[in-house]
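Remarks on the structure that follows.
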Amino acid sequence: MPNQPQTRHGIDPAFLDAADRFVQLANELNQKYSREWVRAAMMYATARYNAFVWITREDAPGQTLEQAAVYYASEYDKMLRDNVDEIGPAYRAGTRGDTAQN
């Protein structure tokens, strides 16, 4: 069995590549709009997509909207904290490079 390339915390590189594509789009939009505007648009898009996924779900048919909202909020909290832990030290050390990009 070939070794699967792994990243920090064992996250699949294809998953990180997909996430980076969203970040690249955000950086492009940030050339025209403020960070706050782009952040809000990304959060809205995520909520809209997650609403679609939850409404059309085939797994967990008994899950309530409240349960889904708690799950999504918990996952976001973990991801936000993990990313701050990962990239925060470089930004705090002044090695962030281009301040408009992430």
Side-chain angles (χ1 to χ4, degrees):
M1 173 183 233
N3 288 339
Q4 294 288 330
Q6 292 296 308
T7 60
R8 189 170 173 273
H9 301 298
I11 299 172
D12 178 6
F15 180 87
L16 290 178
D17 181 56
D20 285 345
R21 291 174 64 191
F22 288 108
V23 172
Q24 289 169 2
L25 176 59
N27 287 331
E28 289 173 27
L29 290 169
N30 197 222
Q31 293 174 15
K32 182 175 181 181
Y33 302 103
S34 71
R35 286 182 183 182
E36 292 75 22
W37 189 94
V38 174
R39 174 200 46 79
M42 287 184 67
M43 288 182 70
Y44 184 83
T46 299
R48 188 171 187 93
Y49 188 78
N50 285 337
F52 165 76
V53 168
W54 183 77
I55 290 166
T56 61
R57 71 194 179 282
E58 294 179 6
D59 60 331
Q63 184 184 48
T64 67
L65 177 56
E66 181 61 27
Q67 291 168 330
V70 167
Y71 170 76
Y72 288 134
S74 173
E75 290 299 298
Y76 177 83
D77 183 71
K78 287 185 241 177
M79 291 177 202
L80 175 65
R81 292 174 187 281
D82 184 57
N83 279 282
V84 167
D85 288 347
E86 180 181 356
I87 67 175
Y91 279 73
R92 289 185 193 108
T95 58
R96 96 185 249 187
D98 181 3
T99 59
Q101 304 289 308
N102 38 357

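From a predicted model like this one, the values you see are computed outputs, not experimental measurements. Note that these values count all heavy atoms, side chains included, but never hydrogens, waters or copies made by symmetry.
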Shared hydrophobic cluster, [X] / [Y] (ILVMFWY, side-chain heavy atoms < 4.5 Å):
{"X": "Ile55", "Y": "Tyr72", "value": "yes"}
{"X": "Met79", "Y": "Val84", "value": "no"}
{"X": "Leu25", "Y": "Val23", "value": "no"}

Return the [atom1] to [atom2] distance between [X] and [Y], rounded to the nearest 0.5 Å.
{"X": "Met43", "Y": "Tyr76", "atom1": "CE", "atom2": "OH", "value": "5.0 Å"}
{"X": "Gln31", "Y": "Asn27", "atom1": "CD", "atom2": "CG", "value": "8.0 Å"}
{"X": "Ile11", "Y": "Asp17", "atom1": "CD1", "atom2": "CG", "value": "13.0 Å"}

| request: Tell me, yes or no, whether the heavy-atom count around Arg57 atom CZ, taken from other residues, nucleotides or ligands under 6.0 Å, exceeds 12. | output: yes
Looking only at non-hydrogen atoms, find the nearest pair between [X] and [Y] and report the distance.
{"X": "Arg35", "Y": "Asn30", "result": "N-ND2, 3.2 Å"}
{"X": "Val38", "Y": "Tyr33", "result": "CG2-CB, 4.1 Å"}
{"X": "Trp54", "Y": "Leu65", "result": "CZ2-N, 3.2 Å"}

| said: I'd like to know if Glu75 and Lys78 make a salt bridge, using a cut-off of under 4.0 Å between side-chain N and carboxylate O. | reply: yes
| field | Test: Arg81 and Asp77 ion pair at under 4.0 Å | value | yes
| said: Below 30° counts as parallel, above 60° as perpendicular, anything between as tilted: where do the rings of Phe52 and Tyr49 land? | reply: tilted
| said: Checking the side chain of Gln67 only, and the main-chain atoms of Thr64 only, is there a donor and an acceptor separated by less than 3.5 Å? | reply: yes
| message | Checking the side chain of Ser74 only, and the main-chain atoms of Val70 only, is there a donor and an acceptor separated by less than 3.5 Å? | response | no
